[in-house]
Amino acid sequence: MSDGPADLGAALDAARTTLARAVADRGPGARHVTFATHSPDGWPEARTVALRAADLDAGRLTIQTDLATEKVAALRALPRAEVHVWHPETCHQLRLRCEAGLRHGAAVGAAWSAMPASARTSYGKAPPAGTAIDAALGYEVTSDPDSFVVIDLRVIRFDFLYLGDVHKRAIFEDRGDWQGHWISP
Ligand SMILES: Cc1cc2nc3c(=O)[nH]c(=O)nc-3n(C[C@H](O)[C@H](O)[C@H](O)COP(=O)(O)O)c2cc1C
């Protein structure tokens with residue numbers, strides 16, 4: 001195990017790599033991140049999602065979801081979220097504070113058309129996601145394009161933590177480019 005990033009530039013590079021791997025890696029645990037919102041009545045809500053795209057330099061992340069899920073209601077009420085990534089091989093944790101926008105309908109028509117039929121089954125259930133049902137499999141998959149939502153996230157700040165033999169923690173804020181400073185971990 002190394003001593004982690006030698007300087008803030010190396011920490012920023014490590015954050016870029018961690019996000020790129022979260023999008024690209026197919027191995028166990030690598031591709032899925034935690035997405036946290038606030039419920040409309042103020043409860044924290046965290047769940048696993050697939051990170052579909054990430055461009056840290058542009059401050060953009062992309063997630064896909066079903067219109068009926070609680071995260072959509074949460075973001076309509078308060079369009080703020082945190083994305084959490086932990087990469088056990090590199091010992092890097094990222095916590096990314098984001099502003100969220102929702103796209104669906106015609107705005108995501110091209111993405112829906114490009115999606116394989118197997119992936120479309122994640123969008124649209126009857127009754128809708130979150131509805132009480134009499135038995136565990138008492139629902140149908142509808143693959144409904146009207147249920148497909150893209151969540152566009154704009155990263156405004158992130159917390160980088162290296163948890164190796166030594167611990168290093170930095171905060172980066174969007175001031176046109178990423179400006180970072182170390183903090184005590
Ligand atoms: C490995 C894994 C990957 C998942 N990927 C997604 C995803 O990309 N989008 C999504 O909406 N839910 C995904 N889920 C399901 C969510 O964790 C969650 O159960 C669902 O979105 C409903 O959450 P909500 O009602 O709190 O919004 C995934 C779950 C697991 C275990």
Side-chain angles (χ1 to χ4, degrees), residues 12 14-40 42-88 90 92-125 128-131 139 141-161 172-174 178:
L12 185 55
R16 288 189 187 99
T17 304
T18 299
L19 284 175
R21 291 190 63 172
V23 173
D25 284 3
R26 303 288 162 155
R31 189 164 175 250
H32 299 105
V33 305
T34 302
F35 185 61
T37 53
H38 275 105
S39 73
W43 291 99
E45 297 176 329
R47 74 286 278 169
T48 308
V49 294
L51 190 60
R52 306 288 174 169
D55 180 345
L56 189 59
D57 292 318
R60 284 200 287 266
L61 308 176
T62 307
I63 290 168
Q64 295 176 180
T65 196
D66 184 296
L67 185 66
T69 59
E70 290 184 353
K71 68 182 82 53
V72 172
L75 293 172
R76 282 178 166 161
L78 184 66
R80 295 178 177 173
E82 184 162 283
V83 172
H84 166 266
V85 192
W86 160 243
H87 200 289
T90 57
H92 294 153
Q93 174 183 261
L94 295 180
R95 298 164 65 197
L96 303 116
R97 181 178 293 176
C98 303
E99 296 172 341
L102 301 173
R103 279 187 290 139
H104 67 285
V108 295
W112 180 263
S113 298
M115 197 185 303
S118 57
R120 291 180 179 176
T121 59
S122 295
Y123 311 101
K125 301 285 184 317
T131 306
Y139 66 92
V141 172
T142 63
S143 299
D144 176 13
D146 290 335
S147 294
F148 177 53
V149 175
V150 173
I151 303 175
D152 297 309
L153 298 167
R154 190 173 85 81
V155 184
I156 57 173
R157 174 191 193 273
F158 67 92
D159 176 329
F160 170 90
L161 177 66
F172 288 86
E173 289 171 302
D174 179 9
W178 289 114

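Just so it is clear, the values below take in all heavy atoms, side chains as well, and ignore hydrogens, waters and symmetry mates. If you read the sequence from its start, that first residue is 1, and numbering goes on from there.
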Qualifying salt bridge (charged side-chain N to carboxylate O under 4.0 Å, His left out) pairs, either residue in residues 55-70, two or more places apart: R16-D57

So, taking the atom named CG in L75 and the one named CG in L102, what distance separates them when rounded to the nearest 0.5 Å? 5.5 Å

d(R80 CZ, H38 NE2) to nearest 0.5 Å is 9.5 Å

Kindly indicate whether the side chain of T62, heavy atoms from C-beta on, has any atom under 4.5 Å from the side chain of V150. yes

Is there side-chain contact between D174 and R154, with at least one heavy-atom pair below 4.5 Å? yes

Working to the nearest 0.5 angstrom, can you tell me the gap between D159 CG and F172 CZ? 10.0 Å

Quick one: pull up CG in D152 and CG in L61 and give me the separation to the nearest 0.5 Å. 10.0 Å

Let me confirm one number: the CZ-CZ distance from F158 to R95, rounded to the nearest 0.5 Å. 13.0 Å

Non-hydrogen atoms of I151 and A100 that approach each other most closely: CG2-CB, 4.3 Å

Decide side chain to side chain contact (heavy atoms under 4.5 Å, CB included) for W178 and L56; before the verdict, give the C-alpha distance in whole Å, the side-chain angles of both, and the deciding distance to 0.1 Å. CA-CA 9 Å; W178 289 114; L56 189 59; 3.8 Å; yes

Would you say H87 and D25 make side-chain contact, with heavy atoms under 4.5 Å? yes

Any idea which heavy atoms bring A46 and T34 closest together, and the distance? CB-CG2, 3.9 Å

Any side-chain heavy-atom pair of L153 and I63 under 4.5 Å: yes

How many angstroms lie between NE2 in H104 and CG in D146, if you round to the nearest 0.5 Å? 8.0 Å

4.5 Å side-chain heavy-atom contact, E82 and L96: no

Quick one: do L19 and L94 satisfy side chain to side chain contact (heavy atoms under 4.5 Å, CB included)? Show the steps, please. CA-CA 9 Å; L19 284 175; L94 295 180; 3.7 Å; yes

Closest non-hydrogen atom pair, T69 against A129: CG2-CB, 4.4 Å

Nearest heavy atoms of S39 and A74, plus distance in Å: CA-CB, 4.4 Å

With a 3.5 Å distance limit and no angle check, can you tell me whether R47 reaches the backbone of E45 through a side-chain donor-acceptor pair? yes

Any non-hydrogen side-chain atom of V149 less than 4.5 Å from a side-chain atom of Y123? no

Could you check K71 against T37 for side-chain hydrogen bond (donor to acceptor under 3.5 Å, both in side chains), going step by step and ending with a plain yes or no? CA-CA 7 Å; K71 68 182 82 53; T37 53; over 6 Å; no

Donor-acceptor pair, R120 side chain versus P145 backbone, under 3.5 Å? no

Side chain to side chain, I156 and C98, heavy atoms closer than 4.5 Å: no

Measure up the F148 and W112 rings against each other and bin them: parallel (under 30°), tilted (30 to 60°), perpendicular (over 60°). tilted

Should the heavy atoms of other residues, nucleotides or ligands under 6.0 Å from CZ of R157 be counted, would the total exceed 12? yes

Heavy-atom side-chain contact between Q64 and M115 under 4.5 Å: yes

